[in-house]
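As structure tokens, the structure follows; a few thoughts come after it.
Counting convention: from 1, in listed order, for ligands and their atoms alike. This is a predicted model, so every value here is computed, not measured.
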Amino acid sequence: MEFIDLRSDTVTHPTPAMREAMAKAQVGDDVYGEDPTVNRLQEMAATMMGQEAGLFVASGTMGNLVAILAHCGRGDEAILGDQAHTFLYEAGGISALGGVHSCQLPNQPDGSLAIDDIEAAIRPDDAHHPVTRLIALENTHNRCGGTYQTVEYKRAVSDFAHENSLVVHLDGARIFNAAVAQGIAAKELAAPVDSVTFCLSKGLCAPVGSLLCGSKEFIAKAHRIRKQLGGGMRQAGILAAAGIVALETMIERLAEDHARAKKLAEGLKQVKGLVVDAGSPATNMVFPSLAEDVSLSAEQVEEKMNAFGVRVRAISQRRFRLVTHYWIDDAGVERTVAVFRHVLH
Ligand SMILES: *Cc1c(COP(=O)(O)O)cnc(C)c1O
């Protein structure tokens, strides 16, 4: 890649091994269920999530939308975090397309929802209220700084939900970052919930695609909704082939991204004019802010850094988000620190 691009891990290009697998992929018509490469990816994904079945979808947004539409009917209510990706960044799809009402609870610093808050939000059986149907969690949590929640928490929420006739959907766009950071298999986080989405196209470097996993019955329903949304793809094995390489070879190495994020945070703490959140980073995201005495705005700093070939994202007037990934090496981390120092001197 030409730039040091820390804006997101979605900017990652496919690896040479992925391009080779894509060129050689066996394909068929996936709308007929006849693409062997898609079928293999879906089976791998289900096994890795500890679920019965999987469905290849175009994006994480589509995975979350299909899941929530499969679980909820019009006028049902989904409980989610006020910082949730599904609430903030998915164009209101669950209400626009599914008529699903949302109830937003405050996200805790680790991205979790407090079980007491969930309990208080469940609607009584009363014609004035929507019917509470679903709890949506996110792990790792994007807006909460790439923080992660534990297996114990996932089990506790799922047990609570099932006792109250609710289902749990997990937006696990970066579930492998959450798993690797805790030294556990992703299925430990994903098996207790009713459905889970994860992305191939972020830190795992595949060009396109996400997987939705759940019970066979749920995936059969999700399959029809994917078709309704226009998400039935034909020789999608070309894309799935890269996804298989991602699942086979790109998960364990996420630990390198986490280590580089730590190195980056350490370096940025030494730069006059920057303040890095205490305790961060939890995984592959670093959130530095401009010190009070810096007169430039974050956007101006972003622009100046661009001129030196380093891309960072200003997420507010004073704050940046930097994400490490496969295409950021040690030299890239050092260069980023040096360019920040130069721009802020
Ligand atoms: C990236 C992301 C998604 C899905 O994004 P797409 O760009 O639609 O693939 C969903 N949830 C979280 C937490 C994300 O970070």
Check: His85/Thr61 side-chain N/O donor and acceptor closer than 3.5 Å: no

Backbone or side-chain N or O of Ser210 under 3.5 Å from ligand 1 N or O: no

Spatial distance of atom CG (Leu170) from atom OG1 (Thr197) [nearest 0.5 Å]: 7.5 Å

Proximal ligand 1 atoms for Arg174, defined as those under 4.0 Å from one of its heavy atoms: 15 (O)

Atom 5 (O) of ligand 1: nearest protein contact (heavy atom, Å): Lys202 NZ, 3.6 Å

Residue and atom name of the nearest protein heavy atom (relative to atom 11 (N) of ligand 1), distance in Å to one decimal: Asp171 OD2, 2.6 Å

Residue, atom name and distance, where the atom is the protein heavy atom closest to atom 13 (C) of ligand 1: Glu138 OE2, 3.2 Å

Min heavy-atom dist Glu90 to ligand 1 below 4.0 Å: yes

Closer than 4.0 Å: a protein non-hydrogen atom to atom 7 (O) of ligand 1: no

Audit row: Phe218, Asp194, side chain to side chain contact (heavy atoms under 4.5 Å, CB included) steps and yes/no: CA-CA 9 Å; Phe218 167 80; Asp194 299 281; over 6 Å; no

Donor-acceptor side-chain pairing of His141 and Asp110 below 3.5 angstrom: no

Side-chain ion pair, Glu266 and Lys263, N-O less than 4.0 Å: no

Side chain to side chain donor-acceptor pair (under 3.5 Å), paired with Arg174, selected from Asp9, Asn284, Thr140: Asp9

Residue-ligand contact His141/ligand 1, heavy atom below 4.0 Å: no

Polar proximity ligand 1 side, Cys199 side, N/O cut 3.5 Å exclusive: no

Any side-chain heavy-atom pair of Met48 and Ile251 under 4.5 Å: yes

Check against side chain to side chain contact (heavy atoms under 4.5 Å, CB included), Leu344 and Leu290: CA-CA 9 Å; Leu344 291 171; Leu290 293 171; 3.9 Å; yes

Any N or O of Thr140 closer than 3.5 Å to N or O of ligand 1: no

Minimum non-hydrogen distance to atom 12 (C) of ligand 1, winning option of Met285, Gln83, His85: His85

Side chain, backbone, both or neither: Thr61 near ligand 1, heavy atoms under 4.0 Å: both

Numbered atoms of ligand 1 (with element) below 4.0 Å of Ser59, judged on heavy atoms: 8 (O), 9 (O)

For atom 9 (O) of ligand 1, the protein heavy atom that lies nearest, with its residue and separation: Gly60 N, 2.9 Å

Polar proximity ligand 1 side, Asn142 side, N/O cut 3.5 Å exclusive: yes

Geometric class of the Phe320/Phe340 ring pair [parallel <30°, tilted 30-60°, perpendicular >60°]: perpendicular

Side-chain (His71) to main-chain (Ala78) donor-acceptor, under 3.5 angstrom: no

